[in-house]
Number of protein chains: 2
Amino acid sequence: MDVKELSKTIIEFYEKLSTWEEGVVKDSGLTTAQNHTIEIVGHEGAIKMKQLADKLGVTTGTLTVSIDRLEEKELLRRVPHKSDRRSYLIELTEKGQEVFKMHHNHHINLTREMMAGFSEQEQANFYGAVKKIMENF
Amino acid sequence: MDVKELSKTIIEFYEKLSTWEEGVVKDSGLTTAQNHTIEIVGHEGAIKMKQLADKLGVTTGTLTVSIDRLEEKELLRRVPHKSDRRSYLIELTEKGQEVFKMHHNHHINLTREMMAGFSEQEQANFYGAVKKIMENF
DNA sequence: TGTTTTTACCTTGACTGTCAAGATATTTGA
DNA sequence: TCAAATATCTTGACAGTCAAGGTAAAAACA
């Protein structure tokens, strides 16, 4: 297998996913940064600011502003931490959960679309390959 | 194959690539937007502003500012279009080519890393699967 | 040909995302 | 107790982005 050709194809795949994601997010009236935040809180459940900032790869200063805006949009809320009065737990509101579920469904549909024409075995092979790749880097 | 599990894995793969890319780009002193611009000009060769803006998915207003900055960094230049005096061709400078090649090599190395432990057949299967997926969406 | 429409690019104003640096409040550890 | 560490917030400075409006040139057309 020609590594250049493979590299090119992986990049194209990445770009295509990226474009798809941007389109879906924009339609929902969010920015990609805001969507990413909702995705993480949706998957992780209630999470501290600091931990969330680390997962997003931004500083806490950046996150403060970002959470302010998402709170204004009523997609998530700050809940005072029970045992640490410096800290908050961030959690999704009802509305936030809706947005999260909606986005999740979009992804499920995309995956189904992608797998059109793949046999069970081919799907399993692809899944296994991606898993293995992720262990490699 | 469970579509939810597969979807989750594809998203993780995407996120991992995204994080990798951000890291590599940041190390080179560019923003992701600037890098993306260089990638496209590198692959396409001399290209008009309008076409470049379309490929990047931004407005020409955004691109004007962006190209201004990349020209200041001496990574690319505006060359007046021969037959259309409203237009410019954007092309990489020597320095821009270097950056482009460097980034390209990073990707080649990443791909090699990813494929560690894959047989020729497995690599070809993975390549074929990704190609097929891209036709599906 | 002369005029209108379209096209390509630039400018500006407003907003988001981002970081670095510094402030405040609280917790931890010596 | 009190200094050090931690969690969050604030602010100032930029980059990226779009929309809207401006200029110049090309294209269409009457």
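Owing to the predicted nature of the structure, the values given are computational and were not obtained by experimental measurement. Here is how names work: the chains are called A, B, and so on, in the same order as the sequence lines, proteins then strands, and each is numbered from 1.
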(message) Is A:Thr62 close enough to C:dC19 that one of its side-chain N or O atoms is under 4.0 Å from OP1 or OP2 there?
(response) yes

(request) Measure the distance from CD on B:Gln34 to C1' on C:dT18 and round it to the nearest whole Å. (result) 14 Å

(message) If we check side chain to side chain contact (heavy atoms under 4.5 Å, CB included) with B:Leu70, which of these qualifies: B:Thr93, B:Leu75, B:Ile90, B:Leu92?
(response) B:Leu75

(message) When you measure from the side chain of B:Ser66 to the backbone of B:Thr62, do you find a donor-acceptor pair of N or O atoms at a distance under 3.5 Å?
(response) no

(message) Once you apply a heavy-atom cut-off of 4.0 Å, does A:Thr37 come out as touching a base, just sugar-phosphate, or nothing?
(response) nothing

(request) May I have the distance from B:Lys48 (atom NZ) to D:dA25 (atom P), rounded to whole angstrom? (result) 16 Å

(request) Find the distance A:Gln51:CD to D:dT8:P and express it as a whole number of Å. (result) 8 Å

(message) Between P on D:dC9 and NE2 on A:His81, what's the gap in Å once rounded to a whole number?
(response) 14 Å

(request) Start with the C-alpha gap between A:Asn125 and B:Phe126, add the side-chain angles, then the distance that decides, and say whether side chain to side chain contact (heavy atoms under 4.5 Å, CB included) holds. (result) CA-CA 8 Å; A:Asn125 287 345; B:Phe126 178 68; over 6 Å; no

(message) Looking at A:Arg86 and A:Asp84, is there a salt bridge between them, counting it only when a charged N and a carboxylate O are closer than 4.0 Å?
(response) yes

(message) Counting only side-chain nitrogens and oxygens, does A:Arg69 get under 4.0 Å of the OP1 or OP2 atom of C:dG17?
(response) yes

(message) Strictly below 4.0 Å: does A:Thr59 bring a side-chain N or O up to OP1 or OP2 of C:dC19?
(response) yes

(request) Return yes if the base of D:dT6 and the side-chain atoms of A:Arg86 contain a donor-acceptor N/O pair under 3.5 Å, otherwise no. (result) yes

(message) Taking 4.0 Å as the cut-off, does a side-chain nitrogen or oxygen of A:Thr64 come that near to OP1 or OP2 on D:dC9?
(response) yes

(message) Counting only side-chain heavy atoms from C-beta out, which of C:dT26, C:dC9, D:dC9 sits nearest to A:Met49?
(response) D:dC9

(message) So, does A:Arg78 get its side chain near the phosphate of D:dC9, meaning an N or O under 4.0 Å from OP1 or OP2?
(response) yes

(request) Go through the structure and list residues passing salt bridge (charged side-chain N to carboxylate O under 4.0 Å, His left out) with B:Arg78, not counting sequence neighbours. (result) B:Asp68, B:Glu71

(message) Please report the distance, rounded to the nearest Å, between OH in A:Tyr88 and P in C:dT26.
(response) 10 Å

(message) Testing the 3.5 Å rule here: is there a donor-acceptor pair between the side chains of A:His104 and A:Glu39?
(response) no

(request) Assign each of B:Ser83 and B:Val58 to its nearest nucleotide of DNA chain D by heavy atoms, then name whichever residue's nucleotide is nearer the 5' end. (result) B:Val58

(request) Would you tell me if any nitrogen or oxygen in the side chain of B:Ser66 comes within less than 4.0 Å of OP1 or OP2 on D:dT17? (result) no

(message) Quick check on D:dT8: is either OP1 or OP2 less than 4.0 Å from any side-chain nitrogen or oxygen of A:Ser87?
(response) yes

(message) Which nucleotide wins on minimum distance to the side chain of B:Val65, given the candidates C:dT12, D:dC9, C:dG17?
(response) C:dT12

(request) Would you mind reading off the distance between A:Glu22 atom CD and C:dG17 atom C1', rounded to a whole angstrom? (result) 14 Å

(message) Please report the distance, rounded to the nearest Å, between CG in B:Leu56 and P in D:dC18.
(response) 10 Å

(message) By nearest heavy atom, map A:Leu89 and B:Asp84 onto DNA chain D; which one lands nearer the 5' end?
(response) A:Leu89

(message) From NZ of A:Lys73 over to C1' of C:dT16, roughly how many Å is that when rounded to an integer?
(response) 11 Å

